[in-house]
Structures are given as C-alpha cells and as structure tokens.
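Down below is the structure, laid out as structure tokens.
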Amino acid sequence: MGARDTNEIRALWKAFVNNRSEQDFYALYRQFFPYLLSIGLKITTDRDLLKDVLNQQFLQLWQQRETLQDIGYPLTYVTTSFRRKLLKEGGMLSAVSELTDEHLQLYTEQSPEQVSLHREENILLQRRITNAIQRLSKRKQLLIRLKYFEGLSYADMATKTGLSERTIYNKVHEAIKELRKELT
C-alpha cells in the first residue's frame with residue numbers, strides 16, 4: 001500500500017471513529033478486507049478459519065466503535081490484531097502464552113517513523129565504524145579493507161601485500177579487537 005492509500009485509510013479510520021456510522025464502517029471494511037485476506041493467506045491455507053477470523057476482526061471493530069480512538073497507523077493496528085487472532089485461533093500460538101515485542105515485530109509493518117529512525121541509526125553506526133577504522137594504523141586499515149570489503153582470503157591477501165598469512169591473520173585479529181574496543 002502506498003502513501004496515498006495510507007492517507008486514505010487514515011481518513012476512513014478518522015471518519016469511522018468520529019461518526020461511528022455503518023457507512024464509514026463499510027468503507028473501512030472494503031479498504032481493509034483485501035489486504036487482511038492476503039496477509040491471512042500467507043499465514044494459513046485454512047479458508048474457513050481465515051473467514052471466521054476476518055469476520056471476528058470486523059465484528060470486534062464494530063462492537064468497539066464507541067471506544068476506538070483516532071490513531072496514526074490504523075492499518076498496522078488492525079493488521080496486528082488480525083494476525084494475532086489468526087495465529088491464536090489456528091493454534092500457532094499455543095506454545096506462546098503472550099506475544100512479546102519480538103513476536104509483534106515479526107508480524108507488524110514498520111511505520112514511516114520507524115523506517116526513518118532505523119535508517120538514521122544505520123547511518124550513525126556506519127559513521128562510527130568508518131571513524132574507528134580510520135583510527136587504525138594504515139597497515140591494519142589496508143588489511144581490514146582487503147578482508148572485509150574486498151572479500152579476499154588470507155592467501156590472496158598474502159600474495160597482494162607480500163606479508164605472511166600468519167602476520168595478516170594476527171594483524172586482522174588485532175584490528176578487530178581495537179574496533180570492538182572503540183565501538184563498545
């Protein structure tokens with residue numbers, strides 16, 4: 001679903017939460033149903049179970065319409081609830097008494113804010129690693145680049161640098177220890 005769909009879903013959700021009308025509910029249903037159906041088919045091939053859980057999900061939304069609030073990501077909210085119900089009803093959560101953050105992470109979409117935050121964290125980590133590598137000696141920088149960025153074996157590195165494999169192994173090991181110390 002694209003950004004246009006996300007804005008449309010937010011508008012439909014807001015209308016349903018504010019008006020609590022059947023018309024708004026059916027508009028939301030028409031928007032969510034195909035998406036939830038495709039999600040459900042990835043989880044189970046039992047079509048009867050899938051139909052039952054889809055009906056339960058929409059029935060619950062209708063029954064809770066008086067207490068629902070306007071939220072930023074209604075699709076994520078409904079999808080998470082639906083997946084949880086489907087996994088529970090299908091017996092796929094029998095060994096799990098309660099969903100943990102790890103379980104929810106497996107079955108939820110990331111919000112745009114989460115994607116942006118993750119991207120920023122990766123950029124900061126890359127900068128820290130680059131800075132840490134630059135603080136290594138020139139020889140260790142070269143060996144790290146050959147080993148991890150160019151993917152050369154110790155034998156190939158020995159041929160390219162004229163150093164013995166043992167020396168290269170030791171220097172790479174020292175460099176990794178220095179990087180770990182620098183990055184922790």
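Worth saying up front: this structure is predicted, and the values here are computed from it rather than measured.
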* Asked: About how many Å separate CD1 of Ile168 and NZ of Lys147, when rounded to the nearest 0.5 Å?
  -> 10.0 Å
* Asked: What is the distance from atom CD1 of Ile123 to atom CZ of Arg119, rounded to the nearest 0.5 Å?
  -> 7.5 Å
* Given Thr79 and Phe32, is the side chain to side chain contact (heavy atoms under 4.5 Å, CB included) satisfied, shown in steps? -> CA-CA 9 Å; Thr79 302; Phe32 282 178; over 6 Å; no
* To do: List in chain and number order the residues that pass side-chain hydrogen bond (donor to acceptor under 3.5 Å, both in side chains) with Ser164, two or more places apart in sequence or in another chain; answer none if no residue qualifies.
  => Thr167
* Asked: Can you find a pair of side-chain heavy atoms, one from Trp62 and one from Phe16, that are under 4.5 Å apart?
  -> yes
Taking distance alone, no hydrogens or angles, what donor-acceptor pairs closer than 3.5 Å link side-chain atoms of residues 171-184 to residues at least two apart or in another chain?
residue, atom, partner, partner atom, Å
Glu174, OE1, Lys140, NZ, 3.3
Glu178, OE2, Lys140, NZ, 2.4
Glu182, OE2, Arg135, NE, 2.8
Glu182, OE2, Arg135, NH2, 2.7
Thr184, OG1, Arg180, O, 3.0

* Does Phe82 offer a backbone N or O that forms a donor-acceptor pair with the side chain of Gln57 under 3.5 Å? -> yes
* Structure fact -> Contacts of Tyr77 meeting ring-ring contact (aromatic ring centres under 6.0 Å, His included) (sequence neighbours excluded), chain-then-number -> Trp13
* Write down the atom of Ile43, the atom of Arg83, and the distance for their closest heavy-atom approach. => CD1-CG, 3.9 Å
* To do: Mind listing the closest non-hydrogen atom pair of Ile133 and Gln141 along with its distance?
  => O-CG, 3.1 Å
* To do: Give me the other members of the hydrophobic cluster that Leu117 sits in, counting Ile, Leu, Val, Met, Phe, Trp and Tyr linked by side-chain heavy atoms under 4.5 Å, directly or via other members.
  => none
* Under the 6.0 Å and 45° cation-pi test, does Arg10 pair with Tyr73? -> yes
* Is there a donor-acceptor pair closer than 3.5 Å between any side-chain N or O of Asp46 and the backbone N or O of Asp48? -> yes
* Between CG of Leu146 and CG of Leu152, what distance do you get to the nearest 0.5 Å? -> 5.5 Å
* Using modelled atom types only, decide if a donor and an acceptor are shared between the side chain of Asn18 and the backbone of Lys14 within a distance under 3.5 Å. => yes
* With sequence neighbours excluded, tell me which residues meet ring-ring contact (aromatic ring centres under 6.0 Å, His included) with Phe33. => Tyr29
* Asked: What's the verdict on side chain to side chain contact (heavy atoms under 4.5 Å, CB included) for Leu12 and Arg30, showing C-alpha distance, side-chain angles and the deciding distance?
  -> CA-CA 10 Å; Leu12 289 170; Arg30 284 188 297 276; over 6 Å; no
* Asked: Roughly how far, to the nearest 0.5 Å, is the CZ atom of Arg84 from the CG atom of Leu86?
  -> 13.5 Å
* For the pair Phe58 and Phe25, name the ring-plane relationship: parallel under 30°, tilted 30 to 60°, perpendicular over 60°. => perpendicular
* Asked: Does a side-chain heavy-atom distance below 4.5 Å link Leu142 with Arg139?
  -> no
* Quick one: CZ on Arg65 to CG on Leu68, what's the gap to the nearest 0.5 Å? -> 9.5 Å
* **Pairing residues for Glu150 by the salt bridge (charged side-chain N to carboxylate O under 4.0 Å, His left out) criterion, not counting sequence neighbours** => Arg145, Lys160
* Would you check, one step at a time, whether the test side chain to side chain contact (heavy atoms under 4.5 Å, CB included) holds for Leu143 with Thr161? => CA-CA 9 Å; Leu143 296 176; Thr161 62; 4.3 Å; yes
* Got a second to check how far Leu37's CG is from Lys42's NZ, nearest 0.5 Å? -> 11.0 Å
* Is it true that Ile129 and Phe149 fall in one hydrophobic cluster, defined by side-chain heavy atoms closer than 4.5 Å? -> yes
* Asked: Applying the side chain to side chain contact (heavy atoms under 4.5 Å, CB included) test to Leu50, which of Leu41, Thr45, Leu36, Asn55 qualifies?
  -> Leu41
* **Any side-chain donor near an acceptor of the partner, Thr159 and Asp156, under 3.5 Å** => no
* With a 4.5 Å limit on heavy-atom distance, are the side chains of Glu89 and Leu49 in contact? -> yes
* To do: Assess whether side chain to side chain contact (heavy atoms under 4.5 Å, CB included) is satisfied between Ser21 and Asp24, documenting all intermediate values.
  => CA-CA 5 Å; Ser21 72; Asp24 292 325; 2.9 Å; yes
* Asked: Taking the side chain from Glu165 and the backbone from Tyr154, do they hold a donor-acceptor pair closer than 3.5 Å?
  -> no
* Just wondering, are more than 12 heavy atoms of other shown residues or ligands nearer than 6.0 Å to CD in Gln64? -> yes
